Amino acid sequence: MKVLAILYDGGVAAEQESRLLGTVENKLGIKEWLESQGHELIGKLTQPPSHVEWQLNILQYSKEGPDSDFQKHLVDAEVLITTPFHPGYLTRELVEKAKNLKICITAGVGSDHIDLNAAVDHRIQVLEVSGSNVVSVAEHVVMSILLLVRNFVPAHEMIERGDWVVSDIARNAFDLEGKVVGTIGAGRIGYRVLQRLLPFDCKELLYYDYAPLPAAAAESVKARRVEDLKDFVSQCDVVTVNCPLHEGTRGLVNAELLKHFKKGAWLVNTARGAICDKDDVAAALASGQLSGYAGDVWNVQPAPKDHVLRTAKNPLGGGNGMVPHYSGTTLDAQARYANGTKQILENYLTGKPQEAGNIIVGIGKYESKAYGQR
Ligand code: NAI
């Protein structure tokens, strides 16, 4: 049986830090375990070069295109392990070539890099390690909200430059207290964001989700559900996106919706880049319709060097809190999703039932209700 794992080159960092488990070097900690059971694990075979630009090109090449390690090994792999951080994009075309493929395991949370409808049609199961990094992301969301609202990044950049002009920063710095914050998606992460925001004494916490929170859960975070998306965003000072990427959320935050945001609102997206239209977000920042955009997810990963959201700014030259995709891959999270991946594999190999919450696509059907209303 062939298990194919598409991981990323961790380079020197992964050699020095064995807890960087999601890397080619450290192989989720499962290589020895699998081999002891007589299975073969094919990691993605790229060398960590010293020059970063070359590394990015090689990485993109090696998981993209017919000669990539990914596509060469996919044709006879039975198990595919991918991570959302450096995704091997499994399109319908590739699903059709992967004749032996039975199960895709996402080491982490978020399986939109797999064509889930194609997986349903081809009776390929898709599982993820649900819950493994939800606290990690929720913490990052709260940090991102604060750094935008308080205008932190330009303040720090000013210090590094050697300048000290407090008014330039303070003219666009606010308190989170008294603001209205809303989450699109109130699942594991969205709910944890609301929990963590509670002590900030926001004016109101709102959520937009087709699945209402249980009454006791909504009460415990004092969150109010708004059923219409335009109505929802028009009430928020801060919008945070915490829903999966699927047919119903791709491009959801676009120019049309951004018109309904409060002028100067802040937007945080740690869910998936393609939920927010990158050009429309950049234009909204440039016009001041948005005061800030922050997050760690990009419509293509790794993001190209000239990606518009690397440098998009508000009219005062701030408002950008973008980082590479790492909010859900802290060392704590990596330990959890590596263990979870191993557990899913072990269940698969020994015929044990999988944990229900981990199953996105079962055999021939969606099991998760989070990937759109069907
Ligand atoms: P979850 O499945 O617990 O919750 C998702 C929620 O979104 C559900 O309540 C669902 O009903 C709701 N939803 C789905 N479509 C919606 C729509 N059109 N409008 C409003 N709500 C909608 O998932 P969890 O664990 O909270 O994760 C959410 C997403 O966050 C993942 O699918 C993934 O894309 C992203 N994520 C990002 C990470 C990172 O490192 N940046 C790490 C982990 C997850």
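For clarity, every value in this text was computed on a predicted model and none was experimentally measured. Read the numbers this way: they start at 1 and go in the same order the structure lists the ligands and their atoms.
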So Y208 and F232, would you call those rings parallel, tilted or perpendicular, with 30° and 60° as cut-offs? tilted

Atoms of ligand 1 less than 4.0 Å from R272 heavy atoms? 33 (C), 34 (O), 35 (C), 36 (N), 37 (C)

Does any donor atom in the side chain of K278 or H307 lie under 3.5 Å from an acceptor atom in the other side chain? no

Connected via hydrophobic side-chain network under 4.5 Å: M322 and W266: no

Salt bridge between R250 and E247, side-chain N to carboxylate O under 4.0 Å? no

Tell me whether L7 shares a hydrophobic cluster with L21, the cluster being built from Ile, Leu, Val, Met, Phe, Trp, Tyr side chains joined at under 4.5 Å. no

Let me check something: do L28 and W33 share a hydrophobic cluster, defined by ILVMFWY side-chain heavy atoms less than 4.5 Å apart, either directly or through other members? yes

Taking 4.0 angstrom as the limit and counting only heavy atoms of H325, give me the atoms of ligand 1 inside it, by number and element. 39 (C), 40 (O), 41 (N)

Any side-chain donor paired with an acceptor under 3.5 Å for Q343 and N339? no

Please list, in number order, the atoms of ligand 1 under 4.0 Å from a heavy atom of D296. 39 (C), 40 (O), 41 (N)

So, does F85 sit close enough to ligand 1 that a heavy atom of it is under 4.0 Å from the ligand? yes

For N242, is the nearest heavy atom under 4.0 Å from an atom of ligand 1? yes

Could you list which atoms of ligand 1 come closer than 4.0 Å to a heavy atom of G328? 39 (C), 40 (O)

Look only at interatomic distance and state if Y326 has a nitrogen or oxygen under 3.5 Å from any nitrogen or oxygen of ligand 1. no

Salt bridge between D237 and K203, side-chain N to carboxylate O under 4.0 Å? no

Does V165 sit in a hydrophobic cluster with other residues, and if so which ones, taking ILVMFWY side chains as linked at heavy-atom separations under 4.5 Å, directly or through other members? M158, I169

Can you sort out which atoms of ligand 1 are near Y208, meaning under 4.0 Å from one of its heavy atoms? 19 (N), 20 (C), 21 (N)

Is it true that H246 lies under 4.0 Å from ligand 1, counting heavy atoms only? yes

Taking the non-hydrogen atoms of S327, is any one of them nearer than 4.0 angstrom to ligand 1? yes

For ligand 1, indicate whether the residue V109 contacts it via side chain, backbone, both or neither (heavy-atom separation under 4.0 Å). both

Of all the atoms in ligand 1, which lie at a distance below 4.0 Å from a heavy atom belonging to N133? 42 (C), 43 (C)

Other than V75, what residues sit in its cluster of Ile, Leu, Val, Met, Phe, Trp and Tyr side chains whose heavy atoms are under 4.5 Å apart, directly or through others? none

So if I count the atoms of ligand 1 from 1 in the order they appear, which ones are less than 4.0 Å from some heavy atom of A211? 11 (O)

Give a yes/no verdict on whether any heavy atom in G108 is under 4.0 Å from an atom of ligand 1. no

Where ligand 1 meets V134 - atom numbers and elements under 4.0 angstrom, heavy-atom basis: 25 (O)

Checking the N or O distance criterion of under 3.5 Å, is ligand 1 in contact with I189? yes

Is it the side chain, the backbone, both or neither of L229 that has a heavy atom closer than 4.0 Å to ligand 1? neither

Who's closest to atom 5 (C) of ligand 1 heavy-atom-wise, of P84, P212, P244? P244

